[in-house]
Amino acid sequence: MQTEKIQAVQGVVDRVGSYQEGAPERTVEQELRDGLAEAGLELTDDEVTRLAAAIDDVDGIVDVGEVLGD
C-alpha cells in the first residue's frame, strides 16, 4: 500500500479508534467502512476486518502499517 494511502487510512482508523473504545467489533468494522467510504478510500474486506479486530483488541488506535503488514 502506498504511503499516502496508509496515511489517509490511518486518519480514518485514528478517528474510529478514538471514539470506539469498548464498542463491539461489528460496530467498529461498520464505522471503519463508513469512514473509508466517506474519505474515498477502498480496502479489501479482509483488510477492514483485520483493522477492526486490531482496534477491538487494543480498545483504541492501532498502526495501519503494522496491522496490514505494510
Side-chain angles (χ1 to χ4, degrees):
M1 191 180 305
Q2 297 174 355
T3 302
E4 294 167 354
K5 185 173 182 181
I6 289 174
Q7 291 173 342
V9 171
Q10 187 68 55
V12 173
V13 168
D14 291 350
R15 185 181 69 180
V16 171
S18 68
Y19 66 81
Q20 291 296 332
E21 290 184 24
E25 184 176 337
R26 186 169 185 89
T27 301
V28 172
E29 187 173 330
Q30 187 57 53
E31 290 297 327
L32 275 175
R33 290 183 188 284
D34 292 347
L36 291 166
E38 189 175 297
L41 299 165
E42 291 185 26
L43 294 179
T44 66
D45 286 337
D46 179 63
E47 289 171 327
V48 174
T49 300
R50 287 173 25 211
L51 285 170
I55 291 169
D56 189 52
D57 285 347
V58 300
D59 283 329
I61 300 168
V62 297
D63 184 284
V64 171
E66 287 181 18
V67 174
L68 300 182
D70 293 326

Keeping Lys5 on the side-chain end and Glu42 on the backbone end, is there a donor-acceptor pair under 3.5 Å? yes

Test side chain to side chain contact (heavy atoms under 4.5 Å, CB included) on Leu32 and Leu43; report intermediate values, then the result. CA-CA 10 Å; Leu32 275 175; Leu43 294 179; over 6 Å; no

Residues forming a side chain to side chain donor-acceptor pair (under 3.5 Å) with Gln10, sequence neighbours excluded: Asp14

Working note: Val12 + Leu51, criterion side chain to side chain contact (heavy atoms under 4.5 Å, CB included); need CA distance, chi angles, decisive distance, verdict. CA-CA 11 Å; Val12 173; Leu51 285 170; over 6 Å; no

Run Asp45 and Glu29 through side chain to side chain contact (heavy atoms under 4.5 Å, CB included) and show every step you take. CA-CA 10 Å; Asp45 286 337; Glu29 187 173 330; over 6 Å; no

If every non-hydrogen atom of Ile6 is compared with every non-hydrogen atom of Gly65, which pair is closest and at what distance? CG2-N, 4.4 Å

Mark yes or no for whether Arg33, through its side chain, and Val48, through its backbone, hold a donor-acceptor pair below 3.5 Å. no

Value rounded to 0.5 Å, distance of CD in Glu47 from CG in Leu36: 9.5 Å

For a quick test of reading the model, state the closest non-hydrogen atom pair linking Ser18 to Ile61 and the distance between them. N-CG1, 4.0 Å

